[in-house]
Amino acid sequence: MKLDYNTLEAKWKQIWEANQLYKVTEDTSKPKFYVLDMFPYPSGAGLHVGHPLGYVASDIYSRYKRMKGFNVLHPMGYDAFGLPAEQYALDTGVHPAKSTSENITRYRAQLDNIGFSFDWSRQVRTDDPSYYRWTQWIFLQLYQHYYDKSADKAMPITSLISLFEKSGISDVHAAASAHTPFSADIWKVMSAKEQESILMNYRLAYRKVGHVNWCEALGTVLANDEVKDGLSERGGFPVIQKEMMQWSLRVTAYAERLLTGMDTIQWSESLKTIQRNWIGRSEGAFIDFSFADSTAKSVKVFTTRPDTIFGCTFLVLAADHELVNAITTASQQETINAFLEKSKAKSAETKVAGQKSTDGAWTGSYALHPVTGDKIQVWIADYVLRDYGTGAIMAVPGDDERDLAFAIQHQLPVVEIIDRSAEVNSSIEDKQGILMNSSFLNGRSIDAAIAEMLAYLEKNKLGTRQIAYRLRDANFSRQRYWGEPFPVYYDADGLVHEMEESSLPHTLPDLDDFKPSPDGRSPLARLDQWARPTPGVSRETDTMPGYAGSSWYFLRYMDPLNQNAFASTRAINYWQDVDLYVGGVEHAVGHLMYSRFWHKFLYDLGYVPTEEPFKKLVNQGMIQGVVESLLLFKERTNGKAHFISSELVASREIPSDLLSAIPVHISFVTAYGQPSSHLDASGIEAFLKWRPEYADAVFECADGIFSATELNGALFYTLSEVGKMSKRYHNVVNPDDVIEKYGADCFRMYEMFLGPIEQSKPWDMMGIEGISKFLRKLWSLFYNDQDEWMVTQDAPKETSHKILHATIKKTNEDIERFSFNTAISQFMICVNELRRTEERSATILSPLVQLIAPFAPFITEQLWQALGNATSVHRSEFPIHDEKWLVNNSFTYPVCINGKKRSEITLAAGTPNNIIEASAKELPDIIKWLEGQTIKKVIIIPEKMVNIVI
RNA sequence: GCCAGAGUGGCGGAAUUGGUAGACGCACUGGACUCAAAAUCCAGCGUUCGCAAGGAUGUGCGGGUUCGAGUCCCGCCUCUGGUACCA
C-alpha cells in the first residue's frame, strides 16, 4: 500500500466519527482525567498555525492518558461573544450571530483536519441561550451573596439582612465598598431604597457609580486587564477615565484566597508571579489623622511604613477623595478648583503617557500629627490614587522619593528619619537603615521600628494593622450588543429587581443597528419596546463582558445538555476539576483570575467539590510570523512615494521618523524570512497590483533610483522582523495548507518538534521535511518500495528489543513531562536503528506504532489495522517497558584523571566497584599518567564514569 | 525603576539529580546511484594546531566552590515577558 495522507485521513476521520471513538461518559470503573484547552474566540481570520500548538500538545497527552487506562474528558467549544464580531457587524452590517456561526463552521473544519480527539458531543458555545442561561444564573447568585470575612466565605445576602435587623452594622464583618454605621433600629425604619443602597455595598455583584476605563472608539468601558499602556488591548484605541453607573464583581473579597490558593496548584512560577503581582498584597496600617479646625473629623491614611511617622510633614489626598470638599477652606477654594479642573482635563493624556506628576494644591486645612500633635498641611495631588489604600497618604519626604519630589516642588518641610550612613549601595527600597529624629524609635532598625510603632498605634487607638491589595473589583458592564444580557430590571425608583430563575434565559433580542449611542449607552437602549417593556419597568441595556462566559465553561463540559442545573452533581462529582489546562499566558490576569474567583464562589455555595478549578496549567508559547515590510522613505521624490531598499538604511543614516514600514504579503517576497528577503521584478509587480496607490512610486536600491518598470534585475530588500501572526501583516499561515501538502500527522509532529511548547518561536517551514522524511521511513519499515507488506512474525533481534524498550521508557517519561520534541527525537533514533538492522518483526513494530499513535493518529491507525488488529490503536494499551532489555551486558567506562578523560575500559554489567577501580588502574596509558603521583581517591559512578583524583 | 524567566554551533534545539557538552532535525560540504535532475543512501560538519594519530580550547562576561560546573554561589552584561505614581 502506498502512503497517501489525504485518503488515509479522510478514511479514518469517517470511521472514528461513525464509531464515536472519542465520546466519553462518566465511567466509575476507570479513573477520570480532564484535559482542557482554552477555547478559541472564533474570529474571522480563521485558525492559523499558532492556535493548534497547545491543542496538539493536549491532544497527545489526552490520547496517551486514554491508552494508559484513564477515562479522559477532552472537550472543545467556542468563546462566541465578544467585540470583534460586533465590530465586524458595524463595518459590514452582518449580524454577529451570523458571522460567529460561520466562523465556527470554519474553525470546526480546520480543527477536524488536524485529527483531534475532542468529544464534540460536549461542545459549548457561550452565545447559546441554553449556555448563557447559566452564566446569568451565576450572576444572580453573585448578586444574592456577600462575603463574610469571619466565615471566610460567601454567604446569602438574607443572612446579612437578618444581622442588620438584629444589631445593625456592629456584628458585621464583611467585604464592602463602604461602611456606613447604623443600628438595627435605624435599619428597620429605612426605606426600601435606602436599604437597597446599603446592601449594594456588600453584594458580590453590585452596581456603583465609578470612574471606569472608557474607550471612545470601541464605545464601551473595559476592565483593567483589557487596558494596556492606556490603550485598549483590542484595537489599540485610547482609553480615558469616565464616570458611569456600572455593574462590578467584588473579586477583591477573594484576594487573599486567590493568593493562598496558588500554593496548592501546579502552575509555572512565572505565571503565579504575574497573578501575585496583580493581586499586589502589602501589609501595613491605617492611621487616623484628625483635623485641626475643620468640619470633617478625621482622615484615614494607609502606609506600609508606620515607622516613618515622625518624618510625616504633610498629608496628601487623592483629588477625588470624598473629604476634599469638606476640608477646603474658603481662601483656598479657587486654587483647589483650578487644580481639580486641570487634573480632570489632564487625566486623559498623562495617564495614557504614564508620566509622573508632582502637581498638587493645598486645601488650606491642617491635620494634627497623631503622635507629636504638630499641625501639618493637607494637600491634594495627582500622585495619590483614590482606589488604593484609603486614597490618602501621610507624606514622608525624608524616606519616599515621590513625597520628596512633591515636597521640593511645593517647598514643604523635609525631615530625615533614616540613617543610611552604615549601608553601602543602599537605596530607599532596601529597607535598610537606622531610625533617627524619631523620638522613642531612634536607634531602631526599620523592621524593629515597624513592629514597635504598630503596637504603639494599636495601644493608643491611633490606627490598625491593615493589608492592602492592588487588585480592584472587576468592572462587569459593557455598553455593547454582543454579550449576555443582565437578568435584572429596574423599577421607577431605579431599584434593582432580579429576574425569576424560571424565566431564564433572558435572551438577547434581535437587532440590526449595532452602533453604540454617543452618550455611551448600549445599542440595546435603542430598542424601546425591549428596554422599557411596561411603564415603570426598564431593563438593563448593558451586556456582560467577554470574560463572563469563559469564567465557568469548563464546568459546563461536564454536563453540557443539562436543563436543570449548570451541571449535575453526579457529573461534577465524577469529573471534579481540570487535571491539565493548556493555554496562552496572555490570560494570566484576566480569564485565569476570574475563573478562579467564580470557582471559589461556587465552591463556597457547595456546587463544586474543589476550591481551585485548574490543578495543573501549561502555557504554550506563541507561534510568531515573519513580518516583511517595504520601507517607505517619507521625503517624497517629485511627489512620488519613495521606497528604499532596507540595506541602504544603515549606510544612508536616514532618521527613523522619515521611514515607515509598509507590511507586504509574504507570498510576494523571495527568500522570505531570511536576511536576504527581497522583492524581485515579479514581486514588485504583485505588490503594485495589490496596492495600486503606489503605482508611480520610485524604488531606490543599491544600483540607483528606478520606477517600477525600470527595475528589471535589481533586487529590492525588505525588512524582516518576527512578530505576531496576524491578518494585518499578511503573514498568516493556514494549517490547512500545510496539511494539504504534508498531511495532518506531519503537521502535528512538526509543531511539537519546533521546540519546548512553552516557548514562543517564529513559524518556519524549513524543518518540516525532516518530519516528513521520518514518517516515510516509519512507513518503509512496514512496506517496501514495491508497496509490499514486509512485516513478519519472526523473532526479533536482541538489539531491536533494546532500542524499542529504551524508546518506550523515554516516551513515557517525556510525555509525562510535556517534552514532546525530545520524544520525537527518540522515535527518529529508533526508526533509523530498526531500518539499519532491517528489523521486520511484528513483536517490535507493533508497540512502536502504539508509541507514535498519540503524535500521529492517522498513519499509526492505518498501520495498526494492517498489523491485523480489529480495534483502534487509540483504544489499545500504551506499551510498558521491560527493564531486562535495558540492562547492559557490558559497559564502557571513560576513565578520567581529575575529570579529564584519559582512557576507557569495557567491563561486564554489574562488575563490583573494587574490580572497576582495579581494572582502571591497570590500564597502561593510565599508569603512565599516574607515575610518581599519589592517588587521593577514586570516584566510580555506576554506568557513567571512573574518575581518579591525584 | 521593580518583579519573573532566559542566554549553548550557521539555524531550531538536546543534556531529567553536578559526571564523556552539542542528542535529534534543518542548512551546508563531499561521495554513491543517474544521461541528467529529483528522491534515496553513505560520510563529514563548534573553534583552533596537525598530513594524520592526537592535542588545546569551548555553553553571554568576570570571579568562586568542586576531583569534576551549561547545571551550584557572588558580581556584571544582554534579551524576553509582567508591572508601573500601589504609599
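Letters A, B, ... mirror the listed sequences (proteins, then strands); counts begin at 1.
A perpendicular orientation is assigned to the rings of A:F891 and A:Y893, their planes being inclined by more than 60° (bins at 30° and 60°).
Of the listed nucleotides (B:rC67, B:rU57, B:rG25), B:rC67 has the atom at the smallest distance from the side chain of A:N947. Closest to the side chain of A:P894, from the set B:rG25, B:rC85, B:rU20, is B:rU20. Comparing B:rC67, B:rC26, B:rC24 by their nearest atom to the side chain of A:I939 picks out B:rC67. Among the nucleotides B:rC24, B:rA84, B:rC85, the one closest to any side-chain atom of A:I829 is B:rC24. With B:rC26, B:rC67, B:rA87 as the candidates, the nucleotide lying closest to the side chain of A:Y388 is B:rA87.
Spacing between atom OH of A:Y750 and atom C1' of B:rG25 amounts to 9 Å, rounded to whole angstrom units. Following rounding to the nearest Å, A:E904 (CD) and B:rG54 (P) show an atom-to-atom distance of 11 Å. In this entry the distance linking NZ of A:K272 with C1' of B:rC3 reads 16 Å, nearest Å. One atom, CD1 of A:I941, and another, C1' of B:rU20, lie 11 Å apart when rounded to the nearest Å.
Between A:F827 and A:F855, the distance separating the two ring centers is shorter than 6.0 angstrom.
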Between the protein and nucleotides 16-18 of chain B, which nitrogen or oxygen pairs are less than 3.5 angstrom apart?
residue, atom, partner, partner atom, Å
B:rU16, O4, A:K810, NZ, 3.1

Taking only N/O atoms, report every protein-nucleotides 40-42 of chain B pair under 3.5 Å with atom names and distance.
residue, atom, partner, partner atom, Å
B:rU40, OP1, A:R776, NH2, 3.2
B:rC41, OP1, A:R835, NH2, 3.0

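Comparing B:rG9 with B:rG70, their C1' atoms are spaced 14 Å from each other, to the whole Å. Nucleotides B:rG12 and B:rU80 place their P atoms 15 Å apart, quoted to the nearest Å.
Taking A:R817 as the reference, A:D814 meet the salt bridge (Lys or Arg N to Asp or Glu O under 4.0 Å) condition, with sequence neighbours excluded. The ring-ring contact (aromatic ring centres under 6.0 Å, His included) test applied to A:Y383 returns A:F406, not counting sequence neighbours.
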Please encode protein proximity along nucleotides 4-13 of chain B as a string of B, S and -, counting only heavy-atom distances under 4.0 Å. S-------BS

Name the atoms and distances for all side-chain donor-acceptor pairs under 3.5 Å in residues 280-289 of chain A, with sequence neighbours left out.
residue, atom, partner, partner atom, Å
A:R281, NE, A:E256, OE1, 3.0
A:R281, NE, A:E256, OE2, 3.4
A:R281, NH1, A:E283, OE2, 2.9
A:S282, OG, A:Y388, OH, 2.7
A:D288, OD1, A:K300, NZ, 3.3

